[in-house]
Amino acid sequence: MASLKETKTRIASVKSTLQITSAMKMVAAAKLHRAQQAITGMLPYQEKLHGILQDLLADRNVRTALETPLLRDNGSPRVAVVAFSSNSSLCGGFNTTAVKALLNELGALEDAGVQREQIDLYPVGRKVAEAARKTGFIIRRDASSLLDKPAYEPAAELARELIESFEKGEVGRIVLLYNHYKSNASQPPTREIYLPLVLPETVAGPVDDDLIVEPSRKEVVEELLPKVLLLKVYTVLMDSYAAEQAARTVAMQLASDNADELLEQLTLEYNKRRQQAITSELLDIVGGSLT
């Protein structure tokens, strides 16, 4: 059984740990609040733009007039995988889920006949980058620095690089893997095809004859398409970042609760042992006075 001094040392250690976990929870909660504001304001905008683009692309005449390669299979067997995680630990199972999703995707690609050397990895997050290096696949670019201070322009730069590689025919498919911020308690893994753009069912003529589009549907699509693709990468970045902060907030809350419970148990044990020690000393004193 631990001595009185050892128990007191453990109590001090747990108190110190509790201060750290509480501080980390407060920091993560503040970051989560900012990320929530960003993603809740941006996600509907991105989804609306994408919906408008899909509606316009449902017009067969518009598709026929477009010359962009972003809507078509370019025939390249290469696949680019952009995987998101965090740059640090202490966020529950967030990184474990992200790494597992990446490994599952790589395994599925190999099972589908894609050669190892035909897969390019773009890790966004040091944890998934470390896992990617261990796999032996080609890391085309480590974009973990995007998480140091998430912003639109660095994310758009990555998007431009991905778009350019697809337009040149260097890759035939680009996949996004990230944890979606559904709620503070749920960050499910999500897989999306970034390019080629998933197209809706076509119709013979305009989707809505009453809709007036100026200067023309074709020109609007040509202007809207790159904006949607650039914004998509930034939206996914912020979505993953919000999920990370939510996971960290919950993890630190659980750690703080466990520390409180352990502190209560240790304090009770310390008081009992201290009471026993005092009682023993009193008995020794009383016994000594009677002899």
Side-chain angles (χ1 to χ4, degrees), residues 37-76 78-84 122 124 143 146 150-182 188-243:
Q37 289 181 321
I39 196 66
T40 53
M42 181 174 53
L43 192 56
Y45 174 71
Q46 188 268 332
E47 290 176 344
K48 186 64 176 178
L49 279 185
H50 189 268
I52 294 172
L53 180 64
Q54 293 282 74
D55 287 343
L56 293 174
L57 288 174
D59 186 344
R60 185 180 303 169
N61 296 331
V62 174
R63 289 196 194 181
T64 304
L66 287 173
E67 298 178 357
T68 176
L70 300 177
L71 307 179
R72 304 174 182 88
D73 185 354
N74 59 26
S76 173
R78 299 191 70 85
V79 178
V81 179
V82 187
F84 293 77
Y122 290 80
V124 184
L146 294 182
Y152 173 77
E153 192 51 44
E157 182 184 346
L158 173 61
R160 292 187 188 99
E161 182 178 335
L162 294 170
I163 294 170
E164 183 180 0
S165 67
F166 186 85
E167 288 178 327
K168 290 181 177 179
E170 296 174 352
V171 295
R173 191 184 349 151
I174 301 176
V175 180
L176 302 178
L177 302 175
Y178 64 99
N179 290 352
H180 167 58
Y181 173 68
K182 187 176 181 180
T190 304
R191 177 186 183 274
E192 293 184 10
I193 300 296
Y194 182 59
L195 286 173
L197 195 66
V198 178
L199 299 174
E201 293 295 328
T202 60
V203 295
V207 178
D208 187 354
D209 291 330
D210 296 329
L211 185 64
I212 300 174
V213 181
E214 294 291 346
S216 70
R217 292 173 182 265
K218 174 179 176 295
E219 291 177 271
V220 171
V221 170
E222 289 175 338
E223 183 71 21
L224 193 58
L225 182 56
K227 293 182 182 297
V228 169
L229 292 175
L230 295 181
L231 186 61
K232 178 62 178 179
V233 172
Y234 178 56
T235 303
V236 169
L237 174 67
M238 293 306 300
D239 198 357
S240 177
Y241 183 74

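Across Arg72 and Leu66, no two heavy atoms sit closer than the pair NH2-O, 3.1 Å. Closest approach of His180 and Ala243 over heavy atoms only: C-CB, 4.2 Å.
Summarising the geometry, atom CD1 belonging to Ile174 is positioned 13.5 Å from atom CD belonging to Glu192; distances are rounded to the nearest 0.5 Å. Atom OH of residue Tyr45 and atom OG1 of residue Thr235 lie 10.0 Å apart, to the nearest 0.5 angstrom. For the atom pair Tyr234 OH and Ile39 CD1, the distance stands at 8.5 Å (nearest 0.5 Å).
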Pair Arg78, Glu170 - check side-chain contact (heavy atoms from CB on, under 4.5 Å), show working.
CA-CA 7 Å; Arg78 299 191 70 85; Glu170 296 174 352; 5.5 Å; no

Take Val175 and Ile193, measure what side-chain contact (heavy atoms from CB on, under 4.5 Å) needs, and give me the verdict at the end.
CA-CA 5 Å; Val175 180; Ile193 300 296; 3.9 Å; yes

side-chain contact (heavy atoms from CB on, under 4.5 Å) evaluation trace for Glu157 with Leu146
CA-CA 10 Å; Glu157 182 184 346; Leu146 294 182; over 6 Å; no

Working note: Glu222 + Thr68, criterion side-chain contact (heavy atoms from CB on, under 4.5 Å); need CA distance, chi angles, decisive distance, verdict.
CA-CA 8 Å; Glu222 289 175 338; Thr68 176; over 6 Å; no

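A donor-acceptor pair is defined here as one N or O able to donate and one able to accept, closer than 3.5 Å; such a pair exists between the side chain of Tyr194 and the backbone of Leu229. For Asn74 (side chain) and Pro69 (main-chain N/O), no donor-acceptor pair under 3.5 Å exists by modelled atom type. Side-chain atoms of Ser240 never come within 3.5 Å of backbone atoms of Leu237 as a donor-acceptor pair (strictly under, hydrogens ignored). Without hydrogens or angle criteria, Arg63 side chain to Leu57 main chain gives a donor-acceptor distance under 3.5 Å.
Electrostatic pairing of Glu164 and Arg160 does not count as a salt bridge here, judged by no charged N lying under 4.0 Å from a carboxylate O.
Between Leu53 and Leu197 there is a side-chain heavy-atom pair separated by less than 4.5 Å. Looking only at side-chain heavy atoms (C-beta outward), Leu231 and Met42 come within less than 4.5 Å of each other.
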